[in-house]
Amino acid sequence: MLQDQHYLRIPGPTPIPPSVQRAMAQPMIGHRGDETSELLLSIKPMLKKVFGTKQDVLIIAGSGTSGLEAAVVNAVKPLDEVLVIVSGAFGERFVKICKAYGIKVHTYDVEWGKAFDPEDVRDFLQYFPMVKAVFATYCETSTGVMNPVDQLAKTIKEVSDALIIVDGVSCVGGVETKMDEWDVDMMVTGSQKAFMLPAGLTFIAASNRAWAVIDSNPNRGFYLDLKKYKENLDKNTTPFTPALSLLFGLEDALKLMEAEGLTQVYARHALMKEMTRAAFRAHDIPLLADEENASDTVTAVQPEDFDAELLRKVLKQEFGLSVAGGQGHLKGQIFRVGHMGYCSPADVLQTISMMEIGLLKIGKKIELGKGIAAAQQIYLAKGEDN
Ligand SMILES: *Cc1c(COP(=O)(O)O)cnc(C)c1O
């Protein structure tokens, strides 16, 4: 196998564009100097567009989970009641974080592979009038499902004043996000998924309603205290040493998104999803999520007559192609193909092609090229602009 030739098709970390890689290799600068302020000043407006918000998007050095924890520790107090919508492994993570802070958690469980129904959540919430915050996952990475977070606030506000806090780690930047319009109170994402960066940054924005709660919270912790980040960002600086190399990369990645156009970025992700799904359907290989709720950034495949783990192993050995396995009780039952960030329809065609060889190698009887042809048809029908 050629050195350094990896086909990274997992739902994060994702491949890094060469210009981002070069930007991150810049020599170090002083974090309290003008260059850093200019860098933050350049990043700020671009990040807001990706979040669909007028609010400042705060940048914290830490993986996505630190952003989730920041949301919890700033917006909720110990002994407060919250509702966590759990539709997969990342919903469960919110439960664990809340419990670690002594917060009283109610869970609304959704079958893994399905999306939540905002009206059902509203009906459930009626029985819990004390709930201060509702936690939801936008793209549930463990199942490849996109949840209707756009509909959540308007529906549950009929019965509750709870804040709506959304984990958008595996899709914001790859799918349309309109935090303000959807009335989402806190949106969190991370750098290593659709943002085309390595892991190490988390981004978080809060609504005016959320800021009122944060301001009145007497104990926001220390490193993750969002007020510190906000007050500093207002002055184009950071409370602690920023991850400067990642910020160099972030500026470049955001410029790439702007150059392509956010609408086109989102259309590209939707197209990659459809091509991927069409390929598996052409081989009659079942997909975990149904058409309506399938994620544009990751596709979960649920084989009936072959071993997902064996396929993953063979793809890695033959081609250096990495796809992800299942999490939780879906471990060994599914595999997940990432198609987000620095990934194009051309990459999807290549992935499917390698996949078909992998399937034959593990003994699954398929007709070579059938999946590729299906994906090509989708591309030709919809992909003129890509
Ligand atoms: C990847 C991911 C996270 C964050 O994980 P980290 O490993 O802490 O970066 C959180 N939520 C979702 C939905 C994710 O996909």
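Just follow the structure's listing: the first ligand is 1, and inside any ligand the first atom is 1.
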**OP:** Check Gly249 against Met24 and note the closest heavy-atom contact, atom names and distance.
**Re:** CA-CG, 3.6 Å
Below 3.5 Å, N or O to N or O, backbone or side chain included: is there any such pair between [X] and ligand 1?
X	answer
Gly64	yes
Thr137	no
Ser66	no

**OP:** Please indicate whether Lys316 has more than 12 foreign heavy atoms, meaning atoms of other residues, nucleotides or ligands, lying under 6.0 Å from its NZ.
**Re:** no
Subset of ligand 1 atoms that lie under 4.0 Å from at least one heavy atom of [X]:
X	value
Cys139	13 (C)
Thr65	4 (C), 5 (O), 6 (P), 8 (O)
Arg93	5 (O), 8 (O)
Ser170	13 (C), 15 (O)

Original post:
Hey, which of Lys48, Lys227, Lys235 is the one that makes salt bridge (Lys or Arg N to Asp or Glu O under 4.0 Å) with Asp56?
Top reply: Lys48
To the nearest 0.1 Å, how far is [atom] from its closest protein heavy atom, and which atom is that?
atom	value
atom 14 (C) of ligand 1	Lys193 NZ, 3.0 Å
atom 6 (P) of ligand 1	Ser63 OG, 3.4 Å
atom 13 (C) of ligand 1	Thr141 OG1, 3.1 Å
atom 9 (O) of ligand 1	Gln192 NE2, 2.7 Å

Subject >> Side-chain H-bond candidate by donor/acceptor type, Asp180 with Gln55, under 3.5 Å >> reply: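 No pair is found: no donor N or O on one side chain lies under 3.5 Å from an acceptor on the other.
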Original post:
Would you call Asp347 and Arg9 a salt bridge, taking side-chain N to carboxylate O under 4.0 Å as the test?
Top reply: yes
**OP:** Flag the pair Arg312 and Glu309 as a salt bridge only when some basic side-chain nitrogen lies within less than 4.0 angstrom of an acidic carboxylate oxygen.
**Re:** yes
**OP:** For ligand 1, indicate whether the residue Asp167 contacts it via side chain, backbone, both or neither (heavy-atom separation under 4.0 Å).
**Re:** side chain
Subject >> Contact partition for Pro11 relative to ligand 1, non-hydrogen atoms under 4.0 Å >> reply: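 It is neither; nothing of Pro11 touches ligand 1.
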Subject >> Leu58 side, atom CG; Leu47 side, atom CG - distance, nearest 0.5 Å >> reply: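 The CG atom of Leu47 is 10.0 Å from CG of Leu58, to the nearest 0.5 Å.
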Original post:
Out of curiosity, does Tyr229 fall in the hydrophobic cluster containing Phe195 (side-chain heavy atoms, cut-off under 4.5 Å, transitive links)?
Top reply: yes
Subject >> Criterion side chain to side chain contact (heavy atoms under 4.5 Å, CB included) on Asp150 and Glu181, from CA distance to verdict >> reply: CA-CA 8 Å; Asp150 55 329; Glu181 197 181 306; over 6 Å; no
